[in-house]
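Keep in mind that what you see is a predicted model, and the values were worked out from it rather than measured. Both backbone and side-chain heavy atoms feed into the values below; hydrogens, waters and symmetry mates do not. Residue numbers begin at 1 in each chain, while the letters A, B, ... track the order of the sequences.
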Amino acid sequence: MTRYDPSVIEPKWQAAWDADGTFAVERDSSRPKYYVLEMFPYPSGRIHIGHIRNYTMGDVIARYKMATGHNVLHPMGWDAFGMPAENAAMERGGHPSDWTYGNIADMRAQMKPIGLSIDWSREFATCDPEYYGQQQALFLDFLEKGLVYRKAAIVNWDPVDMTVLANEQVIDGKGWRSGAEVERRELTQWFFKISDFAEDLLTSLDALDDWPAKVRLMQENWIGRSRGIEIPFQRTDGAEPITCYSTRPDTLRGASFLAISPEHPVSRELAKDNPELADFISETRKMDTTEAAMELAEKKGIDTGLRVRHPVWPEQELPVWVGNFVLMDYGTGAVFGCPAHDQRDLDFARKYDLPIVSAFHMPGDESEIQDTALVPAKSETVVYTDHFAGLTETTGQAGIDATIDWIEAKNLGAGQVRYRLRDWGLSRQRYWGCPIPVVHCSTCGIVPEKKENLPVRLPYDEGGTPIDFSVPGNPLDRHPTWRNVPCPKCGQPALRETDTMDTFVDSSWYFARFTAPKATTPTSLPDVGYWMNVDQYIGGIEHAILHLLYSRFFARAMYLTGHLPNDSVEPFSALFTQGMVTHEIYLTRDSEGRPVYHFPEEVTDGRLEDGTEVEIIPSAKMSKSKKNVVDPARIIAEFGADTARWFVLSDSPPDRDVEWTASGAEAAFKHLGRVWNLCDRIGAMDPDGREEHPGEDTALLRAMHTCIHDVTMGIESFGFNAAIAKLYGFTANISKSKAGHAAQREAIMTLAQLMAPMTPHLAEDIWAHQGGKGLVINAPWPTADETMMKSDNVTLPIQVNGKRRSEVTVSKEASNADIEALVLQDDAVQRALQGGAPKKLIVVPGRIVNVVV
RNA sequence: GCCCGCGUGGUGGAAUUGGUAGACACAGGGGACUUAAAAUCCCUAGGCAAAGCGCCGUGCCGGUUCGAGUCCGGCCGCGGGCACCA
């Protein structure tokens, strides 16, 4: 008898898969393809247990699909550009490139022992010039097709460090390093025209059946299609009218003021000779650029003194205010305020003493608006206060549509479909990103770099001395030679664009690049045509909107520029969003009461080594700063990869968070040891044993076919935790079975096959030990024989008035009448009936019986 | 603030998608083996009550239904996203 020792078997089988070339795939039209992809990692330096969970899920799918006869592509790469590398260079010196590639090497080394079914020959990092050069080629093609343009946009500006800040770098309105109050500043920046695709991106969501409904809903709301009205308000001074956009034109009767954005042209014009207004506008510029901050900020405004006429009742004059809550990016940058039917407008009206006019009221309730605006649900019927559009009583959307029709007929305005979705600003004023391949020439203007000059490489040094990242700002701006280049068109001295691309660009097409990572064009059509779409994409819910929407846009743009065949327009056919791995947080307090965090391995039974008791904070997302992290390398060294894999798949459903507990990992290890011992015991059985055990054999094989069925369903539906629970049960069945050697051997080999996607090394070892042919990974997936699964009798629970009182066992062929007769004889039922007849008797065949008394 | 989720024993969770709530596992309790411990194996286990009957129970309040963890309405709490974090 040997002992389960993963440190021996895991390297052995990894070498066997390598020797077999199992995971290196090529196009093969004779087999159905399957492309499984997990969102690629950012190379932070360490593999996180969450990565293991994510990649193990993908690996289960990949290995299962291999077993079911698919040609499976399962690649891995690195989302390698981004701020942390630049921050590291700022703090510790060195170069972002060295930091990044060093991290990639470390992480790859940590990933290999997990035994993932990855085709490592396709690996790349987005910071490889071979990758970002192709991305630059894509950009130029997009530019030529008019899918990219420049416009002014607002950024967070740190006036001390003289640099643009990411939202994350703005803390309470101050720059994270300088502490200076952040300002909003306008810069000319590059944009992708994603808004042109709003309708298509919206309607195509319907076809994404294998995406979680919640993600589709989030995208739908993000795109935010609305039908409203664009309506001009005439100024009393006779100047150009101010046009408002509103999705609630049915409230027009209640309009009592106009609010325009501080960035609205009218605001800017008036500010020129209105110092008070100018002050107000510059004050609003100090606000954070995030929408959340804007929404939470106090709503403030200032009266411009301008007056406009109500479009329907021109004798009514409305004041024009500048409001800090009006977004220039959405609609026209001007809205009419209707305090009676909008809470924000009501708060604003009360604050500045503006009139409150009802446009409608609820039937039978004409009371004045008090503290809460009357905002009826779209399904509710309201009674209009004025019959201006011939409306009296109607419900939400119908009233809106009727109003739009009426306004259009009177030529007062135009119905408009608008989207909340804004164009995607891709410019970043940072070094560690993909350079935007254009040149600014004083004669020719914006000139695309020639494709033969791609990639436009990031400079590593400045004439021999390494680039200095300790100086704030973008090093590309001050680079002596990189920036000054001849114009590709006229050859005169010109300046290279120093903005780099948003890292979301890198991750918006990497899935296509994996299909031909060495191609000399962004994609190779035969490869991308064969492998795309990604059949199963797996990643965090935090990417539900931006990354997934940008990728969907890119697929469309790449199709238009000839880089994807038509059928690849949706990048991800199926999506699964997995949860996080969490851990308790342990802390003690220093003399001033500040928290001091401790790593889990420093804590035993709630105490530190010196006996100090620790405070325990409930499980939260693992983070370095809270020290609630578990190093996967340690787990693998102690228990092996199969245990780590088995554990992260156990217990919690994959789309929910899972808490890492040391005891859970040990339990997983113990179970795998039991399976190992079971295999050993069956191997030692006498194959020629003569005892008779047909009943035992049948029972074991029934359990086996049920398990095949349940595990297959579990894997197909991402119910890995449930599949594992069934495997526990089946293991117990084998262990307790008195069946003969042949049946037991069949059972354990099937168990190995069913476990292979989760614990591939142990499965291979059992397979080999029991004399299985070749590798278990190449063995076809077992199929459940439905006739073997069923027993002859079925036990039905009996409910009385919906509460379980008894049960009855009947033949599976029993008719409802037979069952009813049996049920009425049941003691518990008779007690409940007290001699009477039931009011109703419901028999759900194969399920349940309910007696209503 | 807006959009989207989630909430079940001491703990992680299961429940064939409206049909026996608590599968499976962890921690706990009891036992076997052992000189002893570790390892392993077996039994037990929602709460109250208790000689078998019974009552309560899926965050809270209400509704639909023969039947609700599951569907509907309203709350509370937690998490994700909010366009320059990846």
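For B/G19, the OP1/OP2 oxygens have no side-chain nitrogen or oxygen of A/R804 closer than 4.0 Å. The side chain of A/T503 contributes an N or O atom lying less than 4.0 Å from OP1 or OP2 of B/A86. One finds no side-chain N or O of A/K214 lying less than 4.0 angstrom from the OP1 or OP2 phosphate oxygen of B/G5. A close approach under 4.0 Å does occur between a side-chain nitrogen or oxygen of A/R428 and OP1 or OP2 of B/C84.
Rounded to the nearest 0.5 angstrom, A/I848 CD1 and A/R804 CZ are separated by 9.0 Å. The CD atom of A/Q189 sits 10.0 Å away from the CD1 atom of A/I154 when rounded to the nearest 0.5 Å.
If you look at A/F348 and A/F325, their ring centroids are closer than 6.0 Å. The ring of A/F718 has its center closer than 6.0 angstrom to the ring center of A/F720.
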Collect all protein-nucleotide pairs involving nucleotides 49-55 of chain B in which both atoms are nitrogen or oxygen and the distance is under 3.5 Å.
residue	atom	partner	partner atom	Å
B/C55	OP2	A/R805	NH2	3.4

Atom pairs, N/O to N/O, protein against nucleotides 14-16 of chain B, distance under 3.5 Å?
residue	atom	partner	partner atom	Å
B/A14	OP1	A/N721	ND2	2.9

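Side chain A/Q219 to base B/C3: no donor-acceptor pair is found below 3.5 Å. With hydrogens and angles ignored, no donor-acceptor pair closer than 3.5 Å exists between the side chain of A/E295 and the base of B/C82. Counting atom types as modelled, A/N221 pairs no side-chain N or O with a base atom of B/C3 as donor and acceptor under 3.5 Å.
Nucleotides B/G59 and B/G52, compared at atom P, are 30 Å apart to the nearest Å. Taking atom P in both B/G13 and B/C61, the straight-line distance is 24 Å, to the nearest Å. For the P atom pair drawn from B/G80 and B/C75, the interatomic distance equals 23 Å after rounding to whole Å. Spacing between B/U58 and B/U8 at atom C1', rounded to whole Å, works out to 4 Å. Taking the C1' atoms as reference points, B/G18 lies 16 Å from B/G63, given to the whole Å. Atom name C1', nucleotides B/U64 and B/G54: the rounded distance is 29 Å, in whole Å. Between B/G77 and B/C71, the distance separating the two P atoms is 22 Å to the nearest Å.
Under 3.5 Å, the side chains of A/D826 and A/S806 contain a donor-acceptor pair of N or O atoms.
The existence of a salt bridge linking A/R428 and A/E86 is excluded, since no basic side-chain nitrogen approaches an acidic carboxylate oxygen closer than 4.0 Å. Under the 4.0 Å criterion applied to side-chain N and carboxylate O atoms, A/K193 and A/D423 are not assigned as salt-bridge partners.
Side-chain atoms of A/L727 and A/M755, non-hydrogen and from C-beta on, do get closer than 4.5 Å to each other.
Atom CD of A/E820 is separated from atom C1' of B/C66 by 13 Å (rounded to the nearest Å). The OH atom of A/Y550 sits 9 Å away from the P atom of B/A83 (whole-angstrom rounding). Distance CD (A/Q578) to C1' (B/G5): 15 Å, rounded to an integer number of Å. Distance CH2 (A/W190) to C1' (B/A83): 20 Å, rounded to an integer number of Å.
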Starting at the 5' end of RNA chain B, write a dot or bracket for each base, bracketing those in Watson-Crick or G-U wobble pairs whose two distances are under 3.5 Å and using | for partners on another strand.
-> (((((((..(((......[....))).(((((.......))))).(((.....)))..(((((..]....))))))))))))....
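For A/Q799, counting side-chain heavy atoms from C-beta on, the closest listed nucleotide (B/U20, B/A25, B/A86) is B/U20.
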